[in-house]
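Not measured: the values here are computed from a predicted model.
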Amino acid sequence: MKKTIILLISILFLNVVSAQKYKVFSPKGDLELSISIGDEILYTVKKSGTTVLENNTLALKTSDRALGEKPKVKRSKTINANEERQPRVPLKFSTLKYQYKGVRIDFRGDYSVEFRVFNEGVAYRFITDLKGDIEVKAEDFTVNLAEEFTAHLQQTPSFKTSYEYPYSHIKTSEFTAGSNRSTLPVLLESDAVKVLISESDLTDYPAMFLNTEKPNTLSGDFPLYPLEFGDDGDRSVKILKKADFFAKTSGKRSFPWRYFLITTEDSDILTNTLTTKLAQPNALGDLEWLKPGQVSWEWWNGASPYHVDFKAGFNEETYEYFIDFASKFEIPYIIMDEGWAKSTTDPYTPNPNIDLFALIDYAKERDVKIVLWLTWLTVDKNFELFEKFNEWGIAGVKIDFMDRSDQWMVNYYERVAKEAAKHELFVDFHGSFKPAGLELKYPNIISYEGVLGLEQMERATPENSLYLPFIRNAVGPMDFTPGAMINMQPEIYYSRRPNSAGMGTRAYQMALFVVFESGLQMLADNPTNYYREEECTNFITDVPTTWDETVVLDAKIGEYVLVAKRKGDTWYTGGITNGKESEREFTVSLDFLNEGETYTMNSFEDGINAGRQAMDYKLNQASVDARDTITIKLVRNGGWAASFKR
């Protein structure tokens, strides 16, 4: 018995001594990553000396091996990067600084794990050098939180999801095993620190969901690979059989990055660019034909102009009206949504009430291009449509109802992006998962929905939407479809097409064009309403969809956002708030403006009665410079939007 005890102590001591340890600090030095290699790979993250994530584990299990279990280190290499890149569709900054430190650890068994530590956060990925194809059966992504957080997450009962659920707000100490499946990204908030969890460089692999095993712990969850499909209408399929693995992929590859944005400041979440920095670079070149911009959309308002001398609807005269509207306000695109084609399953035969080719010519004469809506299933069955649409003169496609993110569907996104780019078409994915880096590799993916947006009418509350800049939009472009000109406070809200309305004040809706980021930004409302509200429309259509610089003036998660964004020499500001306070007041410095320059500020503010009558707003004009401060008042569910021009 005594010998046995001595032997056990010796084994334990040997394991402790033989554990290999690594430390990596962020370039600024306030983020510390500690890695310990023993019987498993453990990592701990500290922010300014305080532990945030503690002894997290990672592993990858294939059909014949477990990568990360009893790992044996062969070698390690430190990494330092300090460079600049220019994203093709810049949503926050036209130039990004790629600055990080890291380590790559190579293990016996032909695999590696690479860690990177940015000033914004920490990321890691697996890299394998295995022969042939491999089947991935499990991935250990276990996050142990060092304290209790409030988790802001989008829970879903199934892997089949359109990513359109409202956010839940749950104490992590109240997590129960298996009951909190969530889409990414997830935001964790405590008094001291905020952690945003997401992924990047997602390719040939399923999207990760998060689940829980016990309080204050999160774990990865993945949809299995579908093997057999059955009919399920015109825009979906039934999965009849699934594999016992969730990915079959090349054994020589790098796997998706798992990352943690870690900050003490809410405002840092709004300027983070980790998805971009961890994505593969542009694989398509200059793409001179690719033009981000705004688009007029007929579906939300039911294609229902009024005060006109034609029968409104999904017909040729109505689309000409939309084209004329887009031309007048220099909107580069209109979308023809469901109803443009005779059948949702036939992408080549237009609705008999529409001469599509005459409309394409009509639009071209007015410097407007057309975007066509399609179901993903119709696209999958007619991949030659990209070539045909290019011949017709179509600018892009809005592809809808994927509602899955298993490996098959993730690969579908990439197949679409490649084929569309080959024929100079951009893509807007609706019914989609969140951005995860593919839009950097294929910049013709100009936006994604994957959000509880304005088309959901009464479900699109400011209370929920105030979390979007900190969660969904923090990882990439978001097609929220703003721009309602009929505005109501939530307690009296009622909306039905054709008189679709938006919650929040008029100034709130206008500010969304500055606050929310999308390379393709829709104007959801009826052109007749925009004509009626021309001074608002002039401002909205002047707002860019790509940006050179972003400055956060003030922000609090789920409460309010105030940002300033620059395009060329012009600055725009947007502010939005929820309904928890009857009024909020901010004193804002204009020191983001160029020193020594005088600007004309045109600001749209909540009117004195906007807290009750949400359509009340006030337009002010003033001459300002960088030395000035201004007072911004937001009523409940209110907004503030301004331009600063020299």
Side-chain angles (χ1 to χ4, degrees), residues 24-28 31 77-104 114-125 127 185 196 198-203 253-263 267-293 413-414 417-418 421 426-427 434-448 473-478 517-520 544-552 563-568:
V24 184
F25 290 87
S26 62
K28 287 183 179 177
L31 264 183
K77 179 177 69 174
T78 58
I79 304 166
N80 287 281
N82 190 359
E83 59 184 279
E84 292 185 347
R85 294 184 194 170
Q86 290 76 39
R88 177 61 181 82
V89 182
L91 298 181
K92 299 179 189 292
F93 303 96
S94 55
T95 298
L96 292 178
K97 293 183 178 180
Y98 286 65
Q99 189 178 18
Y100 60 85
K101 296 182 179 181
V103 61
R104 172 172 166 155
E114 179 182 356
F115 292 88
R116 293 182 184 177
V117 184
F118 299 80
N119 290 324
E120 304 100 308
V122 174
Y124 77 83
R125 66 175 174 181
I127 303 167
L196 183 75
S198 199
E199 60 187 341
S200 187
D201 192 15
L202 177 64
T203 182
R253 62 162 297 174
S254 58
F255 285 79
W257 287 101
R258 282 60 181 94
Y259 76 75
F260 306 88
L261 166 72
I262 301 172
T263 180
S267 58
D268 290 341
I269 303 171
L270 305 181
T271 54
N272 107 85
T273 52
L274 283 176
T275 300
T276 302
K277 291 176 179 176
L278 293 165
Q280 292 185 42
N282 179 1
L284 298 178
D286 290 339
L287 298 175
E288 291 183 5
W289 55 268
L290 180 61
K291 307 294 183 186
Y413 279 55
E414 187 158 2
K418 279 183 181 179
F426 64 72
V427 183
K434 85 286 174 195
L438 192 65
E439 66 281 2
L440 277 299
K441 184 179 179 182
Y442 300 99
N444 64 316
I445 302 177
I446 205 164
S447 197
Y448 301 74
N473 215 180
V475 303
M478 178 182 78
E517 299 164 359
S518 178
L520 187 73
T545 63
T546 59
W547 302 98
D548 294 321
E549 185 178 357
T550 298
V551 176
V552 180
V563 293
K565 297 184 179 183
R566 180 179 61 83
K567 181 73 169 184

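Under the 3.5 Å distance criterion, the side-chain polar atoms of N272 are matched with a main-chain donor or acceptor of A474. Although no hydrogens or angles enter the test, the distance criterion places a donor-acceptor pair under 3.5 Å between the side chain of R88 and the main chain of L287.
Nearest heavy atom pair, residue T275 against residue G437, reads CG2-N, 3.7 Å. Among all heavy-atom pairs drawn from A279 and S200, the shortest one is N-OG, 3.4 Å. Taking each heavy atom of E414 and Y442 in turn, the nearest pair found is OE2-OH, 3.0 Å. Heavy atoms only, all atoms of each residue included: G293 and T545 are closest at N-OG1, 3.3 Å. The two residues G568 and D548 come nearest to each other via the heavy atoms N-OD2, 2.7 Å. The two residues P27 and V117 come nearest to each other via the heavy atoms CD-O, 3.6 Å.
A 4.5 Å side-chain heavy-atom check between L290 and I446 finds at least one atom pair inside the cut-off. Annotation: side chain of L520 is in contact with side chain of F426 (closest heavy-atom distance under 4.5 Å). Using a 4.5 Å heavy-atom cutoff, the side chains of R125 and L278 are not in contact. Contact annotation: the side chain of W257 approaches that of E114 to within less than 4.5 Å [non-hydrogen atoms, C-beta and beyond]. No side-chain heavy atom of K101 sits under 4.5 Å from any side-chain heavy atom of F25. Side-chain atoms of V89 and E439, non-hydrogen and from C-beta on, never get closer than 4.5 Å to each other. Using a 4.5 Å heavy-atom threshold, the side chains of L196 and V475 count as touching. The shortest side-chain heavy-atom distance between Y100 and I79 falls under the 4.5 Å cut-off.
Once rounded to the nearest 0.5 Å, the distance linking CG of N444 with CG of L438 reads 9.0 Å. Between the OG1 atom in T95 and the CD atom in E84 there is a gap of 6.0 Å [rounded to 0.5 Å]. Here the straight-line distance linking atom OG1 of T78 with atom CZ of R104 works out to 13.0 Å at 0.5 Å rounding. Between the CG atom in L91 and the OG1 atom in T546 there is a gap of 8.0 Å [rounded to 0.5 Å]. Summarising the geometry, atom CD belonging to Q280 is positioned 10.5 Å from atom CG belonging to L202; distances are rounded to the nearest 0.5 Å. Remark: L261 CG to L274 CG distance equals 6.0 Å, nearest 0.5 Å.
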**Asked** side chain to side chain contact (heavy atoms under 4.5 Å, CB included) between Y98 and T276: does it pass, once the steps are laid out?
**Response** CA-CA 10 Å; Y98 286 65; T276 302; 3.9 Å; yes

**Request:** I would like to know whether V24 and F115 meet side chain to side chain contact (heavy atoms under 4.5 Å, CB included); could you show each step before the answer?
**Result:** CA-CA 9 Å; V24 184; F115 292 88; 5.6 Å; no

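Annotation: cation-pi geometry satisfied between R253 and F255 (NZ/CZ under 6.0 angstrom from ring centroid, within 45° of ring axis).
Applying the 6.0 Å contact sphere to NZ of K97 captures no more than 12 heavy atoms from other residues, nucleotides or ligands. In the displayed structure, K567 atom NZ is contacted under 6.0 Å by more than 12 heavy atoms of other residues, nucleotides or ligands.
Using modelled atom types, one finds no donor on one side chain facing an acceptor on the other under 3.5 Å when comparing K92 with T271.
The aromatic rings of Y448 and Y413 sit parallel to each other, their planes meeting at less than 30°, with 60° as the upper class boundary.
For residues 268-290, the pairs satisfying salt bridge (charged side-chain N to carboxylate O under 4.0 Å, His left out) are E120-K277, with sequence neighbours left out.
For the side-chain contact (heavy atoms from CB on, under 4.5 Å) test with S447, the passing option among P292, P435, S518 is S518; the others fail.
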